Amino acid sequence: MYRSRLLGSAVRARSMATAREGLGSEKKVVHCFYDVVSPYSWLGFEIICRYRPIWNMDLRFRPVFLAGIMKETGNRAPALLREKAVYMTQDLQRLGKFCQVPLRPPKDFMGTVIEKGSLPAMRFLTAVDILQPEFVEPVSKEFWMRIWSRDEDITQPESILAVAGKAGLPSDKAQKLLEMSTSPEVKNHLKETTSEVLRYGAFGVPCFVVHVDSKPQLLFGSDRLELLGSLLGEKWLGPVPTSSKL
């Protein structure tokens with residue numbers, strides 16, 4: 001009961017902060033909606049994190065459930081069309097090298113990505129976001145490393161705890177978060193965040209939302225960050241800005 005009240009308080013506080021965003025703030029709030037089952041989300045996540053100290057923005061990570069978005073919009077995974085699947089494999093190899101992200105598609109793509117999916121991982125990330133938000137970034141990256149670099153499971157409890165450990169979460173907190181990840185509060189919060197990005201017009205991930213002139217602007221894809229910079233009035237320096245000439 002105590003955990004439920006604590007979780008509810010954290011969710012309400014997060015909702016109030018979201019409602020107040022942009023009021024009296026010099027930095028523009030940028031929401032990054034993503035799912036760790038998506039390799040393009042990883043690319044977008046890594047790149048936007050590189051720009052966090054460069055651009056004048058308040059970056060907020062928003063875990064969502066991609067399968068729910070696909071179902072709601074009637075979208076289909078690219079891998080379900082043979083020609084797209086072939087192209088995507090080549091595309092990810094090129095993009096991984098170009099963006100300096102260690103992308104290596106899993107051998108059993110259909111089984112890993114389509115059949116097993118990411119629901120337990122995204123529920124765990126939602127619990128982390130609510131109660132330990134400072135760990136959302138490292139936990140997310142470790143999930144991507146497992147599925148999209150080392151071809152390892154991200155759905156079993158032991159896999160999730162291994163991710164949490166690598167991300168620096170103390171084992172006792174990780175275990176509590178794992179237990180909370182199956183609670184109605186966490187499940188509903190993930191559904192609400194997924195519904196939120198759907199209301200913005202999402203049909204996949206990653207999605208970035210920024211308010212310009214009091215209106216939300218939705219940008220889909222890891223290749224739209226140059227446009228995001230333009231909306232923010234910032235300069236695009238490529239996917240690896242530290243290696244660009246300033």
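When a residue number appears, it is its place in the shown sequence, counting from 1. Note that the structure is a prediction, hence the values are computed from the model and not measured.
- Across all non-hydrogen atoms, the minimal contact from D129 to V136 is CA-CG2, 3.4 Å.
- Side-chain N or O atoms of R104 include none that pairs as donor or acceptor with a backbone N or O of D151 at under 3.5 Å.
- The distance from the CE atom of M145 to the CG atom of L103 is 10.0 Å, given to the nearest 0.5 Å.
- Under the 3.5 Å distance criterion, the side-chain polar atoms of D91 are left unmatched by any main-chain donor or acceptor of Y87.
- At most 12 heavy atoms of other shown residues, nucleotides or ligands fall within 6.0 angstrom of atom CZ in R82.
- Once rounded to the nearest 0.5 Å, the distance linking OG1 of T193 with CG of N188 reads 10.5 Å.
- With W144 contributing its side chain and S38 its backbone, the two residues share a donor-acceptor pair below 3.5 Å.
- D58 approaches R60 most closely through the heavy-atom pair OD2-NH2, 3.0 Å.
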Side chain to side chain contact (heavy atoms under 4.5 Å, CB included), that's the test. Do W148 and V113 meet it? Break it down for me.
CA-CA 10 Å; W148 283 106; V113 177; 3.7 Å; yes
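- Considering every non-hydrogen atom in both A77 and I114, the closest pair reads CB-CD1, 3.8 Å.
- Note that NE2 of H189 is 4.5 Å distant from CD1 of I130, once rounded to the nearest 0.5 Å.
- Of the charged side-chain nitrogens involved, none lies within less than 4.0 Å of a carboxylate oxygen, so that E234 and K28 do not count as a salt-bridged pair.
- Taking the side chain as every heavy atom from C-beta outward, S183 and R123 never approach each other to under 4.5 Å.
- For the pair F124/V139, a side-chain contact is recorded, criterion being any heavy-atom separation below 4.5 Å from C-beta on.
- Between E137 and K141, at least one side-chain nitrogen of the basic residue sits less than 4.0 Å from a carboxylate oxygen of the acidic one, meeting the salt-bridge criterion.
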D153/K116 under side chain to side chain contact (heavy atoms under 4.5 Å, CB included): CA gap, chis, key distance, verdict:
CA-CA 9 Å; D153 174 73; K116 293 175 69 175; 2.8 Å; yes
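- Counting only heavy atoms from C-beta outward, the side chains of V209 and F33 approach each other to under 4.5 Å.
- Residues V205 and Y40 are not in side-chain contact: their nearest non-hydrogen atoms beyond the backbone lie 4.5 Å or more apart.
- T112 contributes no side-chain N or O that, together with a main-chain N or O of F109, makes up a donor-acceptor pair within less than 3.5 Å.
- Side-chain contact between R146 and V36: absent, with no pair of heavy atoms (C-beta onward) separated by less than 4.5 Å.
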Ignoring hydrogens and angles, write down the donor-acceptor pairs under 3.5 Å from the side chains of residues 212-230, residues two or more places apart or on other chains.
none

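- Nearest heavy atoms, C49 versus P53: O-CD, 3.6 Å.
- Taking NZ of K176 as the start and NZ of K173 as the end, the distance is 8.5 Å to the nearest 0.5 Å.
- Side-chain contact between V210 and M57 is absent, with no heavy-atom pair separated by less than 4.5 Å.
- Contact annotation: the side chain of I154 approaches that of S118 to within less than 4.5 Å [non-hydrogen atoms, C-beta and beyond].
- The backbone N or O of A127 lies less than 3.5 Å from no partner atom in the side chain of S181, so there is not a single donor-acceptor pair.
- Here the two rings, on W42 and Y34, have centers that are 6.0 Å apart or farther.
- Within the model, atoms CD of E196 and CG of L198 stand 10.0 Å from one another, a figure rounded to the nearest 0.5 Å.
- With Y51 contributing its side chain and L237 its backbone, the two residues share a donor-acceptor pair below 3.5 Å.
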Begin from the C-alpha positions of R50 and Q100 and carry the test side chain to side chain contact (heavy atoms under 4.5 Å, CB included) through to its verdict.
CA-CA 12 Å; R50 294 168 187 169; Q100 297 183 22; 4.3 Å; yes
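- Contact check for F143 versus V37: no side-chain heavy atoms found under the 4.5 Å cut-off.
- With hydrogens and angles ignored, the 3.5 Å screen pairs a side-chain donor or acceptor of T89 with a backbone N or O of A85.
- Panel note: side chain N75, backbone F203; a donor-acceptor pair is recorded below 3.5 Å.
- In the displayed structure, Q175 atom CD is contacted under 6.0 Å by more than 12 heavy atoms of other residues, nucleotides or ligands.
- In this structure, T126 contributes its side chain and V186 its backbone to no donor-acceptor pair below 3.5 Å.
- Listed here is the closest heavy atom pair of P63 and M122: CB-CE, 3.6 Å.
- The closest donor-acceptor contact from the side chain of T73 to the backbone of I69 lies under 3.5 Å.
- Considering all non-hydrogen atoms of both residues, P102 and S149 come closest at O-OG, 2.9 Å.
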M110/L80 under side chain to side chain contact (heavy atoms under 4.5 Å, CB included): CA gap, chis, key distance, verdict
CA-CA 9 Å; M110 294 297 293; L80 297 180; 3.5 Å; yes
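- Rounding to the nearest 0.5 Å gives a distance of 10.0 Å between CD of E46 and OG of S140.
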